[in-house]
Amino acid sequence: MHEPPKLTPAVLLTREQIANRVLELAEQISADFAGRELLVVGVLKGSWMFLADLVRLLTVPVTVDFMMASSYGSGTDSSGIVRVVLDLKSPVEGSDVLVVDDILDSGLTLRYILDDLRRRRPRSLKVAVLMDKPERRSTDVTVDYIGFKIPNKFVVGYGVDFAERFRNLPYIGYIDEPAAKG
Ligand code: IMP
Ligand code: MG
């Protein structure tokens with residue numbers, strides 16, 4: 001048996017701060033899509049908790065689907081070589097699509113996913129991210145809804161992991177820059 005990790009990440013965003021902001025985002029998205037139906041596309045795995053809270057607060061009809069992309073490269077930097085490892089089941093053509101992701105970092109993964117979805121000719125394509133690390137951006141990617149702009153720290157919790165751990169933390173914490181990211 002492995003020793004369970006003893007580390008308790010320091011708090012960056014409390015569950016109250018997250019809940020308040022997710023409600024604001026949901027109100028804004030519901031207003032922007034009033035009268036329409038949304039195909040919400042969660043980018044696995046990090047977005048799952050954010051997505052679960054967000055869709056419960058939307059007042060427009062939604063369908064939910066998931067994609068998983070994996071980016072080659074080691075250490076904390078994306079290589080930019082991205083591969084879709086789990087694709088949507090839903091057709092995208094003609095749909096109003098909202099992509100939901102956890103963290104916008106270099107932007108390479110999200111950019112790849114957006115380019116891929118755009119080729120499937122959605123009626124509209126918007127993006128919501130819970131956290132944005134603007135300092136780390138290495139490619140142009142436009143997002144429509146941002147929960148929090150955060151400093152360049154390695155964050156965990158509320159769906160986000162370090163080596164698959166901490167996804168179940170109810171808050172966003174940070175830990176000292178580890179050697180790898182998930
Ligand atoms: P990008 O392609 O560099 O923008 O990578 C973004 C992805 O890297 C996010 O969706 C996360 O899965 C992961 N990531 C980036 N920063 C962190 C972090 O601070 N903690 C955990 N995962 C992170
Ligand atoms: Mg991700």
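Remember, it's 1-based here, ligands and their atoms both numbered in the order they're listed. No hydrogens, no waters, no symmetry mates; every other heavy atom, side chains included, goes into these values.
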| Under 6.0 Å from the CZ atom of Arg121, do we count more than 12 heavy atoms belonging to anything else shown? | no
| request: Ignoring hydrogens, just give me the one of Leu110, Val160, Leu104 whose non-hydrogen atom is nearest atom 21 (C) of ligand 1. | output: Val160
| task | Could you list the atoms of ligand 1 found under 4.0 angstrom from a heavy atom of Thr109? | result | 1 (P), 2 (O), 5 (O)
| request: Check each heavy atom of Lys133 against ligand 1 and say whether those closer than 4.0 Å belong to the side chain, the backbone, both or neither. | output: side chain
| query | Strictly under 4.0 Å, does any heavy atom of Val43 approach an atom of ligand 1? | reply | no
| said: Could you tell me, atom by atom, which parts of ligand 1 come under 4.0 Å of a heavy atom of Ser106? | reply: 1 (P), 2 (O), 3 (O), 4 (O)
| task | Would you please determine whether Ile103 falls within less than 4.0 Å of ligand 1 on a heavy-atom basis? | result | yes
| query | Quick one: does Gly46 get within less than 4.0 Å of ligand 1, heavy atoms only? | reply | no
| request: Run the numbers on Phe148 and Asp132 for side-chain contact (heavy atoms from CB on, under 4.5 Å), then give the verdict. | output: CA-CA 6 Å; Phe148 301 93; Asp132 178 17; over 6 Å; no
| task | List the atom of Leu38, the atom of Val97, and the distance in Å for their closest heavy-atom pair. | result | CD2-C, 4.4 Å
| query | Going through the distances and angles, do Arg36 and Asp32 end up as a salt bridge (charged side-chain N to carboxylate O under 4.0 Å, His left out)? | reply | CA-CA 9 Å; Arg36 284 146 80 175; Asp32 292 350; over 6 Å; no
| message | Measuring only between side-chain heavy atoms, which start at C-beta, is Val143 closer than 4.5 Å to Leu104? | response | yes
| said: Tell me whether ligand 1 is touched by Val155 - counting only heavy atoms on the residue side and a distance under 4.0 Å. | reply: yes
| What is the ring orientation for Phe50 with Tyr158, classed by angle as parallel under 30°, tilted 30 to 60°, or perpendicular over 60°? | tilted
| message | Give the atom numbers and elements of ligand 1 that come within less than 4.0 Å of a heavy atom of Lys153. | response | 19 (O)
| task | Considering the heavy atoms of Asp161, write down every atom of ligand 1 situated less than 4.0 Å from one of them. | result | 21 (C)
| message | Testing Arg167, Met49, Met131 one by one against Val160 for a side chain to side chain contact (heavy atoms under 4.5 Å, CB included), which residue passes? | response | Met131
| message | Test side-chain hydrogen bond (donor to acceptor under 3.5 Å, both in side chains) on Thr139 and Arg111; report intermediate values, then the result. | response | CA-CA 8 Å; Thr139 185; Arg111 186 182 174 163; 2.6 Å; yes
| request: Please work out whether any backbone atom (N, CA, C, O) or any side-chain heavy atom from C-beta onward of Asp102 is under 4.0 Å from ligand 1, and answer side chain, backbone, both or neither. | output: side chain
| said: Could you tell me, atom by atom, which parts of ligand 1 come under 4.0 Å of a heavy atom of Asp101? | reply: 10 (O)
